[in-house]
Amino acid sequence: MIKQRLKQMLLDAARSAYEAGRLLSPDFPETSVEEPKIEAHGDFATNFAMAGASAQKMPPRKIAEAIADHLDDHEGIIEKTEIAGPGFINFFIRQTAWLPVLKEIHDKDHSFGAAGLGDGKKVQVEFVSANPTGPLHIGHGRGAVVGDTVASLLSFCGYRVDREYYINDAGRQIHTLGKSVYLRCLELGGKEVEFPEDAYQGDYIYEIAKSAIAEKGPGMLEKSEQEAVEICARYAAGQILKDIRVDLENLGVRFDSWFSEQKLYDSGRVDKALSFLEKKGLIYEKDDARWFAASRFGDEKDRVVVRKNGQTTYFASDIAYHLEKYERGYDRVIDVWGADHHGYVQRLSAAITAMGKSSGQFRVILTQLVNLLRKGRPVSMSTRAGRFVTLRDVTDEVGRDAARFIFLTRHHESPLDFDLEVAKAKTNDNPVYYVQYVHARISSIWKKATEERGIQAALPNGLELLCEPEEIRLIKQLARYPETVAVAAELMEPHRVAYYLMDLAALFHAYYNKHRVLTDDPNITEPRLYMIMAVQKIIRNGLGMLGVSAPETM
RNA sequence: GCGCCUGUAGCUCAGUCGGACAGAGCAACGGACUUCUAAUCCGUAGGUCGCACGUUCGAAUCGUGCCAGGCGCGCCA
């Protein structure tokens, strides 16, 4: 990568300038090379001289001159350097130095830009994990897409990634679900029932009740209430989970494993985790309850793990779950939660620190809430009345590609306004089509090239003829792909890839409108075809990373 | 009251490790289709980066204090 080579050259230049007596100190700052916003400032610039001014006790411009004089560009990638402003060194790269990236893209194809950052380490990304007590809503959709894409990014960057869904199938909510269904069953059987306010109100409960009667038989209702509720609970959770699976599949999200909370209890894992902490002296008894000393690990206060009534808390099973994750051999564990759970982060982090794990081994990604709008007006979401727009409604209406792309064009910690009408619009309000259109346009050109001109393959001939400014800009953008993906993976910010693709698409459309690829001159047609096929590969790879399709025609 | 997130153009949002003159799309206005797909392109206009102070060669970015919106502060999940 050109940037890396420049960094090395700078460091070498600084050393030889010091040896030649032009610099006073061998203490150099960390070299930072970045791309200036303005093209007139060159392809790359460094603040090396300014950052080193205090150590050198010299004016920045003097330092910059010394370094510039000692630059050894034996590969010949630099056209010229300039010293500008308070002491920036600006580099102008020889245009032909950009061209090799095209061949690299063609050669490496799907794996272009794949970095070995992860070094084969095992990572688990746990996301969605919605309670199986009702349909998914749009907020779950956001978490699903962010989690899925973070997993893809990490996987591309050399981690061994598993996607997991944690099923909260133990505890009171499931019991409430069972009771809700049971009562609806009785109601359907003609009995007068009082339906409590804290039960699940939605119409889907009726649907489940109907099929429960059909499948389990009316005899179910003759058992004791406790037994019947239990049957209803398990049946309902199973049905809802089935629907959740379908909803996620529709969004292009698939999990490697579905982990049951109930199994943690059944296998004694919760007790095991608590005694593990107890042995470390981190569990104590107070007010007839048992507490974990979370405050010793940065949490505000200690937290109850076993209640006065002898039942464990959700926190206890979560500790057991995370302990189990590490026991399964995951080096890093990533949880994607809705922002409404952020109060929970510290206590779980505390528990994980208590397990002896470092902060780098656990990360919670919080996704902010989604406001669902239609034509700028909030869509009413009354959970109490059981009347709300589900995730399925949304994907059915706007489609997977648009839904995913919209979730990924915001930083996940920014609240998101999701407007159904905008999501359906096939205009630039909806950049997914803008990006996909590049792919389709290139397919169309290629089709024409093969069918009408008998061209068989894109070959790297005459690339030095790619010297239009729009061509150089496009190729430079292609060269940015590896770094974009690496940074997105490292920071777990998938939106960076989406923005990268929009920028690439803009450069391509601008190029397309100004220059023809298929010309009467084969000498110019060949390299241009080679270039746009590289663009197409990056678009395809990038969209694929985001779980968005790359259509041949639109 | 305490904690977390957010605040950038009329709207929706980017802005990397503190870098040079603040970025895109939409909306507005004016242009470009006998051409490889106009789901496109070109141009114009649009800013107190919530406010104030501080840190320094340099702040949308870091620190402190305010303001506004969202969320959270259970022996709920």
Side-chain angles (χ1 to χ4, degrees), chain A residues 30 32 34-38 40-41 45-47 50-51 53-54 59-60 84-88 90 131 133 168 170-174 176 261 286-291 300-301 303-315 317-318 338-346 366 368-369 371 373 376 406 409-411 413-417 419 422 425-434 436-438 440-449 452 483-484 487-488 490-491 493 495-496 498-499 502-503 505-506 508-519 525 528-529 532 553-554:
Chain A
E30 206 183 323
S32 126
E34 48 192 54
E35 296 185 45
K37 288 180 214 157
I38 301 163
H41 290 153
T46 182
N47 62 351
M50 282 130 73
S54 61
F88 289 102
N90 295 338
N131 294 340
T133 53
N168 294 118
R172 214 182 62 196
Q173 294 199 46
I174 287 293
T176 304
E261 181 187 10
K286 191 183 86 178
D287 303 335
D288 298 324
R290 294 168 69 71
W291 299 68
E300 291 166 22
K301 47 186 172 184
R303 307 289 179 175
V304 170
V305 284
V306 183
R307 288 184 262 167
K308 205 183 278 179
N309 64 11
Q311 289 190 335
T312 51
T313 59
Y314 178 81
F315 181 41
S317 57
D318 236 7
D340 51 339
H341 289 76
H342 80 255
Y344 202 76
V345 175
Q346 271 199 320
L366 295 173
Q368 284 291 329
L369 302 184
N371 298 310
L373 311 173
I406 287 167
T409 42
R410 265 75 168 178
H411 190 282
E413 279 183 5
S414 257
L416 164 57
D417 286 340
D419 192 308
V422 172
K426 297 194 170 170
T427 67
N428 239 349
D429 252 340
N430 202 5
V432 65
Y433 298 115
Y434 184 77
Q436 288 181 319
Y437 191 36
V438 171
R441 271 186 153 171
I442 294 174
S443 290
S444 170
I445 297 173
W446 181 249
K447 193 172 171 221
K448 192 154 181 159
E452 294 179 14
E483 189 179 9
T484 303
V487 172
E490 217 161 351
L491 302 178
E493 295 182 345
H495 73 283
R496 289 168 185 277
Y499 278 90
M502 291 190 271
D503 289 343
F508 176 79
H509 287 308
Y511 175 69
Y512 179 94
N513 274 276
K514 187 156 179 191
H515 303 284
R516 276 192 70 87
V517 174
L518 302 177
T519 65
T525 297
R528 284 182 175 177
L529 263 178
I532 66 161
T553 58
M554 288 176 72

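Any value given below was found using the heavy atoms of this structure, including those in side chains, with hydrogens, waters and symmetry copies removed. We name chains A, B, ... by the order of the sequence lines, and we start the count at 1 in each one.
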In B/S/- notation (B base, S sugar-phosphate only, - none; protein heavy atoms under 4.0 Å), nucleotides 69-77 of chain B written 5' to 3' is --BS-SBSB

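At least one side-chain heavy atom of A/Tyr512 sits under 4.5 Å from a side-chain heavy atom of A/Ile445. Residues A/Arg528 and A/Thr519 are in side-chain contact: their nearest non-hydrogen atoms beyond the backbone lie under 4.5 Å apart. By the 4.5 Å heavy-atom criterion applied to side chains, A/Leu366 and A/Val345 are counted as neighbours.
With rounding to the nearest 0.5 angstrom, the CG atom of A/Asp417 is 11.0 Å from the CG atom of A/Leu369. Atom CG of residue A/Leu518 and atom CZ of residue A/Arg516 lie 6.5 Å apart, to the nearest 0.5 angstrom. Atom-to-atom distance recorded for A/Arg290:CZ and A/Thr313:OG1 is 12.0 Å, nearest 0.5 angstrom. Atom OH of A/Tyr437 sits about 7.0 Å away from atom NE2 of A/His509, to the nearest 0.5 Å.
Of the residues near RNA chain B, A/Val517 and A/Asp503, the one whose nearest nucleotide (by heavy atom distance) lies more toward the 5' end is A/Asp503.
Atom CG of A/Asn513 is separated from atom C1' of B/G31 by 13 Å (rounded to the nearest Å). Regarding A/Met502, its CE atom lies at a distance of 17 Å from the C1' atom of B/U40, rounded to whole Å. Between the CZ atom of A/Phe508 and the P atom of B/A39 there is a distance of 14 Å, given to the nearest Å. The CD-C1' distance, from A/Gln436 to B/U40, rounds to 15 Å in whole Å. Between A/Tyr437 atom OH and B/G25 atom P the separation is 17 Å, expressed in whole Å. Atom P of nucleotide B/A39 and atom CD1 of A/Ile442 are separated by 16 Å, given to the nearest angstrom. If you take OH of A/Tyr512 and P of B/C42, they are 14 Å apart, rounded to a whole angstrom. Distance NZ (A/Lys514) to P (B/C42): 9 Å, rounded to an integer number of Å.
Look at the C1' atom in both B/G15 and B/A24: the space between them is 10 Å, to the nearest Å. For the P atoms, the distance linking B/A52 with B/U12 amounts to 23 Å, nearest Å. The P atoms of B/G23 and B/U16 are separated by 13 Å, rounded to the nearest whole Å. Separation of the C1' atoms belonging to B/G47 and B/A22 is 8 Å when rounded to the nearest angstrom. Comparing B/G58 with B/U40, their C1' atoms are spaced 40 Å from each other, to the whole Å. Nucleotides B/C57 and B/G18, compared at atom P, are 16 Å apart to the nearest Å. Straight-line distance between the P atoms of B/U56 and B/G1: roughly 33 Å, to the nearest whole Å. Rounded to whole Å, the P atom of B/C4 lies 11 Å from the corresponding atom of B/G65.
Base engagement by A/Arg516 is indicated by at least one non-hydrogen atom pair under 4.0 Å involving a base atom. Backbone-only engagement by A/Thr409 is indicated by non-hydrogen atom pairs under 4.0 Å involving sugar-phosphate atoms exclusively. Within 4.0 Å of A/Tyr433, counting heavy atoms only, lies at least one base atom of the nucleic acid. Within 4.0 Å of A/Ala84, counting heavy atoms only, lies at least one base atom of the nucleic acid. Within 4.0 Å (heavy atoms only), A/Ile38 reaches at least one base atom of the nucleic acid. At a threshold of 4.0 angstrom between heavy atoms, the contacts of A/Asn90 include nucleobase atoms, whether or not backbone atoms are also involved. If you check every strand for non-hydrogen atoms under 4.0 Å, A/Ala449 touches nothing.
For the OP1/OP2 pair of B/A38 and a distance below 4.0 Å, the side-chain nitrogens and oxygens of A/Arg441 include at least one atom meeting the criterion. Between A/Ser414 and B/G7 there is no side-chain polar atom (N or O) within less than 4.0 angstrom of OP1 or OP2. The shortest distance between the side-chain N/O atoms of A/Lys426 and the OP1/OP2 oxygens of B/A39 is not below 4.0 Å.
Shown here for A/Arg496 and A/Thr484, the closest heavy-atom pair between the two residues is O-CG2, 3.7 Å.
Ring stacking is absent between A/Tyr434 and B/A39, as the pair misses the limits of under 5.5 Å between centres and under 30 degrees between planes.
No donor-acceptor distance shorter than 3.5 angstrom exists from the side chain of A/Asp288 to the backbone of A/Lys308, with no hydrogens or angles considered. A distance-only check finds a donor-acceptor pair linking the side chain of A/Asn309 to the backbone of A/Gln311 [under 3.5 Å].
Comparing atom distances between the A/Pro86 side chain and each of B/C13, B/G19, B/U40 picks out B/G19 as nearest. Nearest nucleotide to the A/Met50 side chain, out of B/C36, B/G19, B/A20: B/G19.
Looking only at atom types and distance, the side chain of A/Ser414 has no donor-acceptor partner in the side chain of A/Gln368 under 3.5 Å away. Counted by atom type alone, A/Arg303 and A/Tyr344 present zero donor-acceptor pairs between their side chains at under 3.5 Å.
Base-pairing analysis of RNA chain B finds the following stems of at least three consecutive Watson-Crick or G-U pairs, with both pairing distances under 3.5 Å: B:1-7 with B:67-73, B:10-13 with B:23-26, B:28-32 with B:40-44, B:50-54 with B:62-66.
Seen from the ring of A/Phe508, A/Arg441 does not count as a face-on cation partner, given the 6.0 Å and 45° thresholds.
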Contact list (N/O, under 3.5 angstrom) for nucleotides 15-18 of chain B vs protein:
{"unit_1": "B/G15", "atom_1": "OP1", "unit_2": "A/His495", "atom_2": "NE2", "d": "3.0"}

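Taking the six-membered ring where tryptophan is involved, the planes of A/His495 and A/Tyr499 are perpendicular, since the angle between them exceeds 60° and thus also 30°.
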